[in-house]
Amino acid sequence: MKNFVEELRWRGMIHDVMPGTEEMLQKEMVTAYVGIDPTADSLHIGHLVSIMMLRHLQRSGHRPVVLVGGATGMIGDPSGKSQERNLLDEPTLRHNQECLKGQIAHFLDFDSEAPNKAVMANNYDWMKEFSFLNFIRDVGKHITVNYMMAKDSVKKRISGENGEGMSFTEFTYQLVQGYDFLELYRTLGCRLQMGGSDQWGNITTGTEMIRRIAGGEAYALTCPLITKSDGGKFGKTEQGNIWLDPDRTSPYQFYQFWINVSDTDASKYIRIFTTRLKEAIEALEAEHAQAPHLRVLQKALAHDITCDVHSEADYIAAVEASEILFGKGTTETLHRLGEKTLLSVFDGVPRFNIAKEVLDNGCNILDLLAGQTSIFPSKGEARRTMKDGGVMINREKVAEDTVINTAQLLNGRYLLAQRGKKNYYLIIVG
RNA sequence: GGGGAGGUACCAGAGCGGUCAAAUGGGGCAGACUGUAAAUCUGUUGGCACAGCCUUCGGAGGUUCGAAUCCUCCUCUCCCCA
């Protein structure tokens with residue numbers, strides 16, 4: 001049995017561990033879980049940290065449980081800055097759960113006959129019939145308000161400077177989540193809950209419940225919040241979240257996200273989001289230090305995670321597209337591309353459709369970019385960016401008096417517009 | 001219920017009768033340098049038919065040649081006392 005805690009430790013994935021956790025995991029196969037809110041039918045990369053913890057857990061010979069928070073997701077965790085949640089109806093909940101499972105199955109083994117195959121549970125299943133009266137009698141009785149009040153998440157909300165107070169519902173959250181742990185302890189023998197560092201308080205309420213109600217021992221392990229070296233939020237771009245669902249975030253955009261990670265972040269992320277060995281990662285870092293412009297770290301990171309989330313083929317397509325877009329591509333190479341390659345290269349690049357008539361008599365570039373399409377929100381902004389030399393059509397800089405006509409079309413019906421270095425748009429004519 | 005402070009652009013925050021499309025900082029966007037990195041520097045950041053015009057300073061009215069700035073009412077937020 002591999003030392004799971006040690007594995008997470010060198011990967012920088014441990015924020016806090018309850019004493020005794022490591023010893024237990026060394027002794028025998030342990031069942032452990034993390035919770036995920038089924039608020040959407042896709043995960044985003046923020047969820048990936050939890051999933052990777054489970055993956056390392058399973059690879060170390062233990063049994064991972066994914067707990068879908070159908071019930072808890074309706075309440076809203078006061079630890080985060082999360083707003084009031086919307087209630088999901090049951091069909092949506094089930095649909096989301098199935099979608100999430102499909103994505104998580106890329107990382108965990110749910111189907112084999114191995115004794116440590118992964119399990120998925122949904123707390124809605126045991127909470128939906130639980131009456132309020134039964135809950136306060138069987139669960140609430142065992143935990144004192146004093147104990148609950150001592151949690152940082154609660155204290156912050158009650159005495160905080162921007163203290164808006166907290167509703168009873170939110171206050172109860174830790175009991176509901178704690179009860180999940182108890183339930184999983186009873187039904188699956190689950191003895192460890194993992195999560196982000198903001199979950200520590202909630203997790204320990206669970207271990208406390210297991211101790212008081214079931215007389216058992218359970219443990220907690222949290223990982224640090226993933227940050228960016230520049231202080232920004234991890235996993236967010238101007239376009240929003242980076243999703244695992246290819247319809248929300250194309251494999252090309254997904255790959256680009258990881259390729260664009262800064263050097264300091266790449267070192268950190270490659271430990272967290274890949275299963276590469278310590279020595280291999282250190283070797284890559286040495287290589288990267290020798291020739292930083294080659295960005296071997298980013299490339300390795302993007303490779304592993306794109307293949308895991310999407311597929312080898314998607315990865316290759318993303319690399320090819322990136323080479324054409326960011327390599328030595330010129331207007332000539334663009335014109336030489338066949339329609340099929342062109343479309344596959346620009347799969348995942350935002351598209352705009354315009355009528356052919358627009359170009360018949362030539363169309364002013366401003367009107368094309370800020371009228372016919374919404375590449376720019378206003379002509380003024382398009383004009384400004386052009387003045388700075390930030391706009392290209394088919395990889396050639398254009399000025400505000402440029403007129404676009406059908407002669408410039410690629411393959412007779414495409415235009416490649418570029419705003420700045422990294423933003424591409426495909427205009428389809430016809 | 002009583003008293004006070006205040007609502008200004010994406011955010012924070014100046015301005016308190018004309019020179020205000022509104023200081024400054026942050027953020028955003030773009031450029032240079034590089035490696036599609038970081039740091040740095042530069043430009044830009046309401047719209048348009050762009051040396052001009054139009055719409056903006058919580059909302060509605062009013063005073064004035066002229067209002068983000070003064071007055072009235074409404075509205076929302078925050079603080080203190082009860």
Side-chain angles (χ1 to χ4, degrees), chain A residues 81 159-165 227-240 242 249-270 273 284-303 305-306 315 317-330 333-334 345-346 348-350 363-393 395-403 416-425:
Chain A
K81 45 254 136 221
S159 63
E161 301 79 51
N162 44 352
E164 292 159 19
T227 54
K228 274 199 326 193
S229 52
D230 66 5
K233 269 196 194 115
F234 168 73
K236 292 255 187 186
T237 65
E238 295 68 52
Q239 285 83 37
I242 304 290
T249 301
S250 72
Y252 164 76
Q253 290 167 320
F254 188 86
Y255 171 82
Q256 279 291 320
F257 172 81
W258 297 104
I259 271 296
N260 269 307
V261 155
S262 71
D263 289 4
T264 36
D265 288 337
S267 266
K268 193 162 67 188
Y269 296 167
I270 199 166
F273 296 108
L284 272 177
E285 284 175 323
E287 198 183 331
H288 186 275
Q290 286 295 307
H293 59 283
L294 295 180
R295 286 180 295 158
V296 286
L297 276 176
Q298 282 91 337
K299 283 179 184 164
L301 173 65
H303 167 270
I305 197 155
T306 307
Y315 162 76
V319 172
E320 281 174 355
S322 301
E323 264 164 21
I324 292 173
L325 258 31
F326 294 102
K328 55 267 154 243
T330 60
T333 54
L334 271 179
V345 164
F346 296 115
V349 163
C363 176
N364 175 267
I365 187 74
L366 289 171
D367 194 40
L368 181 72
L369 297 177
Q372 298 294 330
T373 65
S374 47
I375 291 169
F376 283 92
S378 73
K379 292 185 186 176
E381 187 161 338
R383 194 177 276 124
R384 269 181 243 123
T385 311
M386 269 178 227
K387 233 170 256 163
D388 292 334
V391 182
M392 298 202 249
I393 293 289
R395 293 195 69 96
E396 273 183 347
K397 284 193 180 175
V398 290
E400 60 178 280
D401 54 3
T402 305
V403 172
L416 179 68
Q418 197 174 343
R419 197 187 95 224
K421 263 183 278 201
K422 295 188 202 169
N423 308 297
Y424 289 88
Y425 305 88

Can you tell me how far [atom1] in [N] sits from the matching atom in [M], rounded to whole Å?
{"N": "A49(B)", "M": "A60(B)", "atom1": "C1'", "result": "33 Å"}
{"N": "C16(B)", "M": "A23(B)", "atom1": "P", "result": "14 Å"}
{"N": "A67(B)", "M": "U8(B)", "atom1": "C1'", "result": "14 Å"}
{"N": "A39(B)", "M": "U34(B)", "atom1": "C1'", "result": "11 Å"}
{"N": "G7(B)", "M": "G59(B)", "atom1": "P", "result": "13 Å"}
{"N": "A51(B)", "M": "C57(B)", "atom1": "C1'", "result": "27 Å"}
{"N": "G46(B)", "M": "A68(B)", "atom1": "C1'", "result": "15 Å"}
{"N": "G27(B)", "M": "U77(B)", "atom1": "C1'", "result": "24 Å"}

Mind checking who [N] pairs with, Watson-Crick or G-U wobble, both distances under 3.5 Å?
{"N": "G6(B)", "result": "C76(B)"}
{"N": "G1(B)", "result": "C81(B)"}
{"N": "A38(B)", "result": "none"}
{"N": "G25(B)", "result": "C11(B)"}
{"N": "G52(B)", "result": "C48(B)"}

Practice item. Any chance you could measure Asp401(A), atom CG, to Arg383(A), atom CZ, to the nearest 0.5 Å? Key: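 If I round to the nearest 0.5 Å, the distance is 11.0 Å.
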Exercise for review: Output the distance between atom CZ (Arg384(A)) and atom CG (Asp388(A)), rounded to the nearest 0.5 Å.
Suggested key: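 Nearest 0.5 Å value for the CZ-CG distance: 10.0 Å.
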Point to revise | Candidates His288(A), Gln290(A), Arg295(A) - the one meeting side chain to side chain contact (heavy atoms under 4.5 Å, CB included) with Pro292(A) | key: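 Result: among His288(A), Gln290(A), Arg295(A), His288(A) is the only option passing the side chain to side chain contact (heavy atoms under 4.5 Å, CB included) with Pro292(A).
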**Study point:** Any Lys397(A) side-chain N or O less than 4.0 Å from OP1/OP2 of A30(B)
**Key:**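 Answer is no, no contact under 4.0 Å.
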Practice item. Give a yes/no answer on whether the side chain of Asn423(A) brings an N or O atom under 4.0 Å of OP1 or OP2 in C29(B). Key: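 It does not, given that no N or O in the side chain of Asn423(A) lies less than 4.0 Å from OP1 or OP2 of C29(B).
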Point to revise | Pair Asn364(A), Glu400(A): side-chain N/O donor-acceptor within cut-off below 3.5 Å | key: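 Checked: Asn364(A)/Glu400(A) side chains show no N/O donor-acceptor pair below 3.5 Å.
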Review point. Is a donor-acceptor pair below 3.5 Å formed from side chain Asp388(A) to base U44(B), judging by atom type as modelled?
Key: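 No, the side chain and the base share no sub-3.5 Å donor-acceptor pair.
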Exercise for review: For Ser322(A), report the nucleic acid contact type (base, sugar-phosphate, nothing); a contact means any heavy atom under 4.0 Å.
Suggested key: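 Contact class for Ser322(A): base.
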Check your understanding: Under a 4.0 Å heavy-atom cut-off, which of residues 288-300 of chain A touch RNA chain B?
Key ->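 RNA chain B contact set from residues 288-300 of chain A: Pro292(A), His293(A), Arg295(A), Gln298(A).
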**Study point:** Positions of residues 375-384 of chain A (non-hydrogen atom under 4.0 Å from RNA chain B), listed by number
**Key:**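 Heavy-atom contacts with RNA chain B come from Ser378(A), Lys379(A), Gly380(A), Arg383(A), Arg384(A).
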**Study point:** Set of side-chain contact (heavy atoms from CB on, under 4.5 Å) partners for Val391(A), sequence neighbours left out
**Key:**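 Leu369(A), Phe376(A), Thr385(A), Met386(A), Val398(A).
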**Study point:** Pairing residues for Ala286(A) by the side-chain contact (heavy atoms from CB on, under 4.5 Å) criterion, not counting sequence neighbours
**Key:**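 For Ala286(A) there are no side-chain contact (heavy atoms from CB on, under 4.5 Å) partners, ignoring immediate neighbours.
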**Study point:** Closest to side chain of Arg419(A), choosing from U36(B), A38(B), C29(B)
**Key:**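 So the side chain of Arg419(A) is nearest to C29(B).
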Practice item. Look at the side chain of Gln298(A) and the backbone N and O of Val261(A), then say whether any donor-acceptor pair between them is shorter than 3.5 Å. Key: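 Yes, the answer is positive, given that a donor and an acceptor are paired below the 3.5 Å cut-off.
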Practice item. I would like to know whether Phe326(A) and Tyr424(A) meet ring-ring contact (aromatic ring centres under 6.0 Å, His included); could you show each step before the answer? Key: CA-CA 11 Å; Phe326(A) 294 102; Tyr424(A) 289 88; 5.7 Å; yes
Practice item. List for me each residue that meets side-chain hydrogen bond (donor to acceptor under 3.5 Å, both in side chains) alongside Glu287(A), sequence neighbours excluded, and say none if there are none. Key: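 If we apply the side-chain hydrogen bond (donor to acceptor under 3.5 Å, both in side chains) test to Glu287(A), skipping adjacent residues, there are no hits.
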Point to revise | Which residues share a ring-ring contact (aromatic ring centres under 6.0 Å, His included) with Tyr252(A), sequence neighbours left out | key: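 Applying ring-ring contact (aromatic ring centres under 6.0 Å, His included) to Tyr252(A) gives none.
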